[in-house]
There are 2 protein chains.
Amino acid sequence: MKGKLFVVSGPSGVGKNTLLNTIIDRCKTVQYSVSATSRPIRPGEVDGKSYYFVSRARFEELIASDALLEYAEYVGNYYGTPLQPIREAIENGVDVVMDVEVVGALKIKKRLPDDAVLVFVTAPSFDVIRKRLIHRGDVAPGLMEERLERARWECSQAVNYDYIVVNDDITRASEELRAIMLAEKCKTMERIHLIKEELSCSTPQ
Amino acid sequence: MKGKLFVVSGPSGVGKNTLLNTIIDRCKTVQYSVSATSRPIRPGEVDGKSYYFVSRARFEELIASDALLEYAEYVGNYYGTPLQPIREAIENGVDVVMDVEVVGALKIKKRLPDDAVLVFVTAPSFDVIRKRLIHRGDVAPGLMEERLERARWECSQAVNYDYIVVNDDITRASEELRAIMLAEKCKTMERIHLIKEELSCSTPQ
């Protein structure tokens with residue numbers, strides 16, 4: 001059975017990382033998608049694990065040869081999703097999960113409509129998102145409204161996703177994400193070949 | 001959150017009953033759909049639990065008033081699925097499961113395209129179905145080929161279902177059915193109103 005690509009997006013502070021980590025920890029046949037970047041490697045980072053580190057020229061070759069599912073430039077560096085490792089995993093029956101912002105996620109869905117499943121993760125309210133961002137301490141108070149405005153815009157795009165997970169409780173949210181991943185493998189399109197094969201080899205002569 | 005109607009079909013001998021019983025036993029917010037019939041009540045049966053027992057005339061009124069999701073006549077008696085109890089359960093957030101043969105299931109999907117989810121349950125092979133039927137001892141040997149021919153026809157209709165569960169292991173099959181039921185509740189169509197409500201009440205003035 002082929003694997004699938006599960007693309008997870010959602011505002012900062014809704015707990016996407018924790019959610020994806022619970023999935024990776026529990027399921028042996030799930031792997032993270034590793035992004036490519038043209039930014040220099042930092043101490044402690046591992047090529048092929050943290051990112052695929054490539055030169056700017058090489059990254060532009062990847063763009064030109066259509067080898068990236070999506071990419072964006074951020075503070076002078078490129079970041080993108082290499083297609084080949086995802087294709088290989090899917091063909092080998094391995095599910096791939098990735099955390100991509102909304103614009104990239106929608107590009108991926110357009111490129112791999114049958115293989116990519118989009119899951120939007122959100123919190124029960126913007127108030128919860130605000131509190132989580134304050135608690136994490138990674139947003140300066142003056143920038144909070146800007147971050148929440150971005151969260152509002154991201155939520156307005158949720159309608160383009162296949163599923164919505166409201167992370168009010170990590171156990172429940174993780175159970176929902178696992179259910180989505182399993183149910184997607186049970187869809188008729190994924191399994192009808194099993195029945196067709198059985199019908200064709202068992203039809204009475 | 002609204003409930004959903006999960007319609008399960010599949011050849012005799014694939015373990016549909018066992019599968020549905022594991023779901024009913026584990027989930028408090030799931031109920032069986034009780035069919036209506038015009039056949040006389042038998043000792044041990046309970047009206048409203050085994051079936052809704054109604055007269056032939058009353059059954060024909062139900063047909064005429066479009067109160068049945070689907071119905072069929074079998075050996076001179078009517079059997080059908082009353083719509084009202086299912087509508088009520090769904091509105092009250094209760095999931096309903098039912099075991100209906102293929103023709104009825106497809107009628108239900110046509111009637112309730114947004115609320116009904118069709119799940120086709122099959123065995124790993126016709127050989128397994130044959131063995132299970134022999135083991136159960138409820139098919140005369142001379143009728144076995146007819147039953148298997150019917151199973152083949154039923155399997156040829158699986159393409160019209162939303163999901164396929166291959167019951168080679170009851171624990172795994174039951175996990176898959178539960179995953180399908182949970183994932184269906186996470187679909188964007190079911191949850192987008194939560195985000196829309198939050199967006200409308202939190203938009204900055």
Side-chain angles (χ1 to χ4, degrees), chain A residues 1 10-11 117-130 145-146 148-149 151-166 168 172-173 175-204, chain B residues 1 10-11 117-130 145-146 148-149 151-166 168 172-173 175-204:
Chain A
M1 187 160 60
V117 178
L118 302 195
V119 182
F120 193 85
V121 181
T122 187
S125 71
F126 288 109
D127 207 42
V128 170
I129 295 178
R130 182 198 303 268
E145 277 316 305
E146 195 181 296
L148 287 173
E149 192 46 49
R152 278 187 202 99
W153 176 79
E154 286 166 328
C155 286
S156 76
Q157 301 301 307
V159 69
N160 298 309
Y161 281 64
D162 299 302
Y163 297 94
I164 294 172
V165 170
V166 181
D168 46 1
R172 202 167 69 99
E175 198 186 333
E176 288 185 355
L177 183 52
R178 279 186 298 129
I180 290 165
M181 294 175 71
L182 182 52
E184 280 287 326
K185 315 298 279 289
C186 301
K187 280 195 164 171
T188 296
M189 194 176 73
E190 303 296 320
R191 289 195 163 166
I192 193 69
H193 69 276
L194 297 174
I195 289 187
K196 284 186 175 161
E197 283 157 24
E198 183 59 21
L199 278 173
S200 69
C201 67
S202 76
T203 305
Chain B
M1 188 160 59
V117 178
L118 300 195
V119 181
F120 193 85
V121 181
T122 187
S125 71
F126 288 109
D127 207 41
V128 170
I129 295 178
R130 182 198 302 267
E145 277 316 305
E146 195 181 297
L148 287 173
E149 191 46 49
R152 277 184 202 101
W153 176 80
E154 286 166 329
C155 286
S156 76
Q157 300 301 307
V159 68
N160 299 309
Y161 281 64
D162 299 304
Y163 298 93
I164 294 172
V165 170
V166 181
D168 46 1
R172 202 167 69 100
E175 197 185 335
E176 288 185 356
L177 183 54
R178 279 186 298 127
I180 289 165
M181 294 176 70
L182 183 52
E184 280 288 325
K185 315 298 278 289
C186 301
K187 279 194 166 172
T188 296
M189 195 177 70
E190 303 296 320
R191 289 195 163 166
I192 192 68
H193 66 100
L194 296 173
I195 289 187
K196 283 187 177 161
E197 282 157 24
E198 182 60 21
L199 277 173
S200 69
C201 66
S202 77
T203 305

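Below, read A as the first sequence line, B as the second, and so on, with proteins coming before strands; counting in each chain starts at 1.
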**Student:** Heavy-atom pairs under 4.5 Å with chain A - which of B/Arg191, B/Lys196, B/Glu175 has more of them than the others?
**Tutor:** B/Arg191

**Student:** Name the region of A/Leu194, side chain, backbone, both or neither, that has any atom closer than 4.5 Å to a heavy atom of chain B.
**Tutor:** side chain

**Student:** Of the backbone (N, CA, C, O) and the side chain (C-beta and beyond), which part of A/Glu190 lies under 4.5 Å from a heavy atom of chain B, both, or neither?
**Tutor:** neither

**Student:** Starting at CE of B/Met189, measure out to CG of A/Asp162 and round the result to the nearest 0.5 Å.
**Tutor:** 12.5 Å

**Student:** Go through B/Val159, B/Ile164, B/Val166 and name the one with the most non-hydrogen pairs under 4.5 angstrom from chain A.
**Tutor:** B/Ile164

**Student:** With no hydrogens and no angle check, is any side-chain donor or acceptor of A/Glu176 less than 3.5 Å from a backbone partner on B/Leu182?
**Tutor:** no

**Student:** Taking all atoms of both residues into account, what is the closest heavy-atom pair of B/Tyr163 and A/Thr188, and its distance?
**Tutor:** N-OG1, 3.3 Å

**Student:** Below 4.5 Å from any heavy atom of chain B, which atoms of A/Ile180 appear? Answer side chain, backbone, both or neither.
**Tutor:** both

**Student:** At a 4.5 Å cut-off on heavy atoms, which part of A/Ser125 comes close to chain B: side chain, backbone, both, or neither?
**Tutor:** both

**Student:** Give me the atom names and distance for the closest heavy-atom approach of A/Ala183 to B/Ala183.
**Tutor:** CB-CB, 3.5 Å

**Student:** So which atom in A/Phe126 and which in B/Leu199 form the shortest heavy-atom distance, rounded to 0.1 Å?
**Tutor:** CZ-CD2, 3.7 Å

